[in-house]
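Working notes, beginning with the structure itself.
Lettering of chains follows the sequences in order, A, B, ..., and the numbering in each one begins at 1.
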Amino acid sequence: MEYVNPEGLRQDGRRPKELRQLGCELGVLAKAAGSATFEMGNTKVLAAVYGPHEASNRSAAASGATVHCDYAMAPFSTGERRKQGRTDRRSTEISAVIRNTLEQTIITELLPNSQIDIHVQVLQADGGTRCACINAALLALAEAGIPLRDMVAACAAGYLDETALLDLNYIEDSGGGPDISVALHPQFDRVVLLQMDNRLPLETFETVVELAIKGCKAVASYMRGQLLEHTRMLASARGFDKL
Amino acid sequence: MDPKGEVGGSLEADAFRKLYPHQFYANFLAKHTRPDGRALMQARPVSVTPNAVSSADSSATAKLGDSAAIAGVKLEVAVPAEESPDEGHLAVAVEMAPMSSPDVRPGRPGEAAQCLAEQVSSILASSDVIPRQQLCIEQGRACWVVYLDIIVLNADGSLLDACLLAAWAALRSLRLPSVILTADGNVEPCDDLPQTSSAAAPEGVWAGRMLQLESQPVAQSCAMMGGKLISDCTAEEERLADTIIIIIVDGRGNLLGLIKAGGTAEAGDMIMQQCIEAAKLRQQDLCRLLEDQLSAATLS
């Protein structure tokens, strides 16, 4: 299968270093402390944050908030209907990855004896759900007003047909090449998550990671813009912009 | 608004609401209104969006006030059961997403989710909303299995109403695709035939078609609270209600279901009549809303 055609275009018409169309919406669920949807092309996820509230395990949370994360895929989110949703190993692994990434981002020591619950639900899956979930969860945390060290933005990159490709979709993801997921604190320029599967020569590894980091920065600036926009909207709704 | 009509800050009102919820509601109900400003039999704003998820064969989101549910349909081909060789299957599952409410814990579906699944499934099955013969591809050999998965994204009362609305909208926009029955008994997808030549379908081709629903089921939740009847309850109202009555009607004057499970209040003939009338009106409103949405979607 040809992933990059001779004109240098990918199957969905993107250039190798092009992100898919990003989209997000903040404050979609009324009851949650914070909630957001995040779209990367056809991948669409929903995240909700509850808390901080009193920790169910006080001794573990004595020095700082514990973060709970729960990842679920809708049965109709993939090409074939998924029979198992919540208890399989893949979901558990992704929940752990999201939790680890966000634990580094939340200033947990400001919230001792408390617990923050993050729920992510994949509504539509087309590759890069892990990254989309981290982005959605970050937006939900920001909307919930939870103290954060920095933004965190995640993006994946891969290597197919001797070309480094940004933000793989499902077809490219299952193309047998490597898939590198990166999450970044953009202000500190610090990589929080780096995950790769499959084989890749060491010299190409660096170019692909570089590309993923660039993708993260682009995602971060998009999310920052959306958060500012959302805050401005809230401010004008409450009449603070006239002060 | 202060429930006692006294001058007081919103903090007092909030505390009063938490400490004496029944009294808080009674003060509103006495004035024929509710804390969110609705009249007693007034429903919350409804919205329904068909085709919300493109990975599903058909899907819809439904919102009733803050309650929100998304339904998605996935189709599979199976061999029909021996006792009904000319019928397909419908499998309904409801999941309460852990984000839907602080009370829901991740893990095995709770009682509420299982009850909702059973109720939606029995409404769709028992009254033959979907004639199963439509799901037959070839008698005894192949039929469609319709997996209807509903996820409650936000739980704020009247969940059966929201789930059934999402399910109805998803099924209403479901198109069964064209398939070819090969000689060795396999079923393979094929391109849709051009509409003009549909009369002369080639051998072994099962032409794609829209699923035709026999009726348009709509559920309407009502509750008795302090001797007054209110409709479309929020989660708080459901907790405080003396009893909950759910009426399910189709668009042709039939009652498809009635759920009145326990509670401390009786619901006499008058009350039931009122609920059924409300459900009928609701059914007409929602029908109009959904048809508008569907025609808007096909135009754009």
Notebook entry, point to check: With a 4.5 Å limit on heavy-atom distance, are the side chains of B/I150 and A/F76 in contact?
Noted result: no
Checklist line | Side chain to side chain, A/R81 and B/D149, heavy atoms closer than 4.5 Å | finding: yes
Next item on the list: Could you grab the distance from atom CG of A/D117 to atom CE of B/M99, nearest 0.5 Å is fine?
Entry: 11.5 Å
Margin query: How long is the straight-line distance from CD1 of B/I70 back to OG of A/S77, given to the nearest 0.5 Å?
Written below: 10.0 Å
Whether over 12 other heavy atoms sit under 6.0 Å from [X] [atom1]:
{"X": "A/E2", "atom1": "CD", "result": "yes"}
{"X": "A/E80", "atom1": "CD", "result": "no"}
{"X": "B/R141", "atom1": "CZ", "result": "yes"}
{"X": "B/R209", "atom1": "CZ", "result": "yes"}
{"X": "A/Y170", "atom1": "OH", "result": "no"}

Check: Any residues in residues 19-42 of chain A near chain B, with a heavy-atom distance under 4.5 Å, and which are they?
Finding: A/L29, A/A30, A/K31, A/N42
Notebook entry, point to check: For A/V120, is it the side chain, the backbone, both, or neither that has a heavy atom closer than 4.5 Å to a heavy atom of chain B?
Noted result: backbone
Check: Between A/L46 and chain B, which part of the residue has a heavy atom less than 4.5 Å away: side chain, backbone, both or neither?
Finding: both
With only heavy atoms counted, which part of [X] is less than 4.5 Å from chain A, the side chain, the backbone, both or neither?
{"X": "B/A71", "answer": "backbone"}
{"X": "B/L153", "answer": "both"}
{"X": "B/S59", "answer": "neither"}

Next item on the list: Just give me the residue among B/S101, B/A56, B/S54 that pairs up with chain A most often, heavy atom to heavy atom, under 4.5 Å.
Entry: B/S54
Item checked: Greatest number of heavy atom pairs closer than 4.5 Å to chain A - which of B/L75, B/D57, B/D156 -> B/D156
Note to self: Holding to salt bridge (Lys or Arg N to Asp or Glu O under 4.0 Å), I want the full list of residues that pass it with B/E237, two or more places apart in sequence or in another chain.
What the structure shows: B/R34, B/R38
Next item on the list: Search all heavy atoms of B/S55 against all heavy atoms of A/Q124 and return the closest pair with its distance.
Entry: OG-CG, 3.4 Å
Check: Which heavy atom in B/A97 sits nearest to a heavy atom in A/Q121, and how many Å separate them?
Finding: CB-OE1, 3.7 Å
